[in-house]
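Down below is the structure, laid out as structure tokens.
Heavy-atom basis, side chains included; hydrogens, waters and symmetry copies ignored. Sequence positions, counted from 1, serve as the residue numbers for this chain. All values derive from a computational prediction rather than experimental measurement.
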Amino acid sequence: MTPAPVIIAVDGRSGAGKTTLAIELAARLREHHKVSLFHLEDVYPGWNGLAAGIERYVTTVLAPLSRGGAADWVSWDWEKHYDGPARTTLPAEIVIVEGVGAAAASARPMLDAVIWSESSDDDRRTRALARDGSTYEPFWDLWAAQEDEWLATDPVPDHAQIRVLNRADGTAPDDVLQALLHLPALAAVLLPELSARLGLQLHAERLDCVPDAARLFHTLYGRSPHAVWLDSSLRTEGLPAERSRFSILADDGGRFGQDVRHRSGVTRLTIGTATVATAGPFFRWLDGVWGRRALRPPEGYACEFTLGWLGYLGYELKRETGGSDVSSETPDAAMIFAGRAVVLDHREGSVWLLALEAPDAAEWLALARSAVAAAAAAGPTGDTVGTAGTGPVVAGGAMGTGSKPAPAFTGRDTESAYKVKIADAQHEIAEGNTYEVCLTTAVSAVVPANPADPAGPDALDAWATYLALRRKNPAPFASYLRFGELTVASTSPERFLRIAADGGMRAEPIKGTRPRGSEPARDEELRRQLESSPKDRAENIMIVDLLRNDLSHFAIAGSVTVSRLCAIESYATVHQMVSTIDAKLKPGLPRAEAVAACFPAGSMTGAPKISTMAILDRLEEVPRGVYSGAIGYFSLSGAMDTAVAIRTLVISADGAGGAELSLGVGGAITADSSPQEEYDEIRTKAYGVLSALGSEFPPD
């Protein structure tokens with residue numbers, strides 16, 4: 001008897017392309033493995049024999065194969081409508097079983113992976129009848145009724161690790177094979193395929209020109225359902241230049257494009273037509289796909305992003321770092337893998353085109369060159385490109401042509417209710433349960449759809465909204481993320497964490513805010529007021545100490561330093577107090593775990609972090625979602641850079657032209673906080689975003 005094989009089931013309704021998928025998948029796996037293939041249609045006892053066929057398959061085929069033995073089974077003669085000859089299926093390193101019922105409940109304990117193949121009803125019927133002709137046609141309804149009855153009590157799709165939309169265009173087998181590589185149960189046996197996937201080659205081109213970034217993004221990715229623009233829209237003297245040197249534009253198109261969502265302990269990764277679901281912590285999954293230096297930067301390229309993952313980590317991932325388990329309406333993480341991207345170097349005045357070597361790389365590079373040239377020739381006018389109106393987006397115009405009234409926001413907490421929560425936070429401080437509580441709330445608006453014209457002036461234009469935000473409130477860590485019906489438009493000024501390819505780590509927390517003054521003298525007075533404020537300095541220093549501790553868990557001893565303490569940085573609408581903490585990552589330690597050790601940002605929790613997060617759960621009562629998480633990239637160079645998701649508008653479209661807009665705001669509460677000053681601070685922080693929409697902070 002041979003060792004127990006890895007058994008993969010390919011299930012789905014009749015006509016979903018299971019047989020072809022299984023045969024093609026077996027052919028690809030046979031390059032490195034011995035593979036056996038079994039078709040359930042060989043044992044169904046007639047057109048009314050689905051249930052009996054599943055029982056035969058489980059007892060006479062699957063059970064012996066799962067023990068590493070040969071399976072002796074009786075075939076069915078479809079012409080004579082009776083049992084046919086006895087046959088034997090030999091065990092192998094990998095066994096693929098395919099057919100309706102291959103992953104039935106009685107079979108699943110013996111399976112290592114379940115693939116569910118699905119197609120539209122029309123496509124399935126066409127395929128099935130084309131394959132079996134008139135033989136099958138009289139029995140189609142009979143067989144379909146059996147499938148309905150079986151799936152009503154045994155919802156196999158809900159138990160599938162991989163679901164594939166099989167369009168019969170030849171893409172499904174490669175997509176499924178790539179998805180299988182992400183299943184922990186198959187990792188050991190599929191090492192040869194995994195090694196082949198890691199053998200990536202990077203093609204890089206430099207173009208010396210300065211394209212308009214908004215126009216370029218709209219041209220390349222305006223129709224992409226999943227796209228990311230990490231937009232260094234602020235390039236101002238007096239701020240660290242490295243923060244706003246590079247902008248990154250990408251989508252999940254091309255041979256290597258992938259899309260991932262994580263919710264409440266389950267990660268769903270989409271690769272082309274296949275989606276693979278794995279249970280477990282997201283940071284553990286992230287460590288498996290990132291954290292090793294798979295690609296080095298090309299010569300002369302200063303950015304550490306050499307393609308990789310881009311998107312956000314939501315605040316509710318705190319369940320993996322000591323916080324409680326809270327469910328959010330938005331995914332706990334959403335990212336794309338970009339196998340090709342455009343990087344703008346604002347300091348050098350150049351553009352880099354990056355693409356992994358693939359059959360479609362040359363075509364994309366040609367398209368990107370053309371788009372860059374057009375965006376450079378057009379000049380800096382791209383802020384109006386692709387908006388719903390014909391002119392520039394003005395205050396109140398981000399929803400359409402400019403004539404539509406601005407969104408009317410409502411507050412989650414009234415002023416009095418928020419002040420009560422401030423008092424509750426100060427009580428927790430007095431009791432010794434915490435030193436600082438970063439209390440947050442949110443304002444939101446609902447933009448209804450126009451049933452007569454979903455694309456008309458009542459419809460929300462998320463792209464125009466972001467362009468209005470970046471013009472009104474530019475920031476070094478601005479970003480525009482599009483994930484289907486979810487859009488994130490951020491003008492964050494705060495870095496969460498950077499890890500360089502060489503292991504250098506940096507965090508730059510912000511604590512302390514004042515509004516900008518309309519007159520120079522008043523503006524300078526507000527700046528100096530923040531700089532000299534004992535309360536704001538105390539808040540900032542508490543978070544610095546917290547981050548020094550977070551970084552120290554993964555840092556070389558003695559490498560944690562504070563290079564800036566309580567420095568003042570000025571932005572379009574606010575002055576901010578910022579500190580910089582640097583460290584050096586210990587060689588060989590998992591980089592994703594280092595990120596997790598610092599997550600969520602201490603500037604958004606307070607100190608000590610874990611006990612304060614529990615207090616915040618009780619006071620705030622609702623999940624934060626994207627807000628307070630992190631936005632940025634995880635590069636194939638082993639580097640990462642992320643911003644704290646603040647000054648961030650989250651737009652959830654309803655698919656019919658309507659949408660909900662949400663903006664989180666908050667501030668640090670200490671023992672000597674003034675409730676009125678704290679409430680005024682959240683209004684100040686909201687101003688940069690709300691004013692760009694022509695909206696006001698909601699009255700009570």
Side-chain angles (χ1 to χ4, degrees), residues 231-240 243-244 380 383-384 391-399 402 405-409 411 415 418-419 441 443 445 464-478 489-494 510-537 539-540 566-578 646-649 661 663-668 673-700:
D231 172 24
S232 295
S233 62
L234 177 63
R235 292 173 288 282
T236 304
E237 291 184 8
L239 299 181
R243 281 203 225 142
S244 53
D383 273 12
T384 63
V393 180
V394 296
M399 291 174 55
F409 282 81
E415 179 175 353
Y418 190 71
K419 289 177 178 178
T441 185
V443 296
T465 298
Y466 175 66
L467 296 181
L469 291 180
R470 77 188 292 263
R471 187 167 50 252
K472 176 74 175 182
N473 192 33
F477 296 108
S490 178
T491 56
S492 175
E494 181 177 359
I510 289 177
K511 267 288 161 269
T513 304
R514 292 293 186 280
R516 297 298 302 265
S518 57
E519 300 294 332
R522 175 56 178 162
D523 189 57
E524 180 61 20
E525 179 186 354
L526 289 166
R527 183 187 183 282
R528 290 181 177 178
Q529 184 186 98
L530 174 61
E531 188 175 36
S532 61
S533 166
K535 171 186 175 294
D536 289 296
R537 291 182 66 87
E539 289 178 7
N540 196 291
C566 298
I568 305 302
E569 296 181 355
S570 298
Y571 297 88
T573 59
V574 292
H575 299 292
Q576 303 272 205
M577 183 176 285
V578 187
I646 56 175
R647 323 292 155 82
T648 297
L649 188 69
L661 286 63
L663 173 68
V665 287
S673 288
S674 159
Q676 187 59 51
E677 290 178 1
E678 294 295 341
Y679 189 73
D680 290 342
E681 182 173 323
I682 67 171
R683 293 173 61 95
T684 296
K685 290 175 177 177
Y687 173 77
V689 174
L690 296 182
S691 62
L693 306 178
S695 301
E696 296 182 352
F697 195 89
D700 282 348

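Side-chain atoms of S695 come within 3.5 Å of backbone N or O of P407 as a donor-acceptor pair. Of the possible donor and acceptor atoms, none in the side chain of K419 sits under 3.5 Å from a partner among the backbone N and O of Q676. With S244 contributing its side chain and S232 its backbone, the two residues share no donor-acceptor pair below 3.5 Å. Looking at N540, its side chain does come within 3.5 Å of a backbone N or O of M577 through a donor-acceptor pair.
T684 is linked by a side chain to side chain contact (heavy atoms under 4.5 Å, CB included) to T513, P515, V574, counting only residues two or more places apart in sequence or in another chain. In this view, E524 and R528 satisfy the salt bridge (Lys or Arg N to Asp or Glu O under 4.0 Å) rule, not counting sequence neighbours. For A408, there are no side chain to side chain contact (heavy atoms under 4.5 Å, CB included) partners at least two apart in sequence or on another chain. For E677, the side chain to side chain contact (heavy atoms under 4.5 Å, CB included) partners two or more places apart in sequence, or in a different chain, are S674. With sequence neighbours left out, the salt bridge (Lys or Arg N to Asp or Glu O under 4.0 Å) criterion links K511 to no other residue. Scored by the side chain to side chain contact (heavy atoms under 4.5 Å, CB included) test, Y687 finds K472, T573, S691 as partners (sequence neighbours excluded).
For the residue pair G517 and D523, the shortest heavy atom distance occurs at N-OD1, 2.9 Å.
Between K535 and E678 there is a salt bridge, since at least one side-chain N of the basic residue sits less than 4.0 Å from a carboxylate O of the acidic one.
E696 CD: 12 or fewer foreign heavy atoms inside a 6.0 Å radius.
Atom CD1 of I568 and atom CD of Q529 lie 11.0 Å apart (nearest 0.5 Å).
Remark: the T648 side chain and the S490 side chain contain an N/O donor-acceptor pair separated by less than 3.5 Å.
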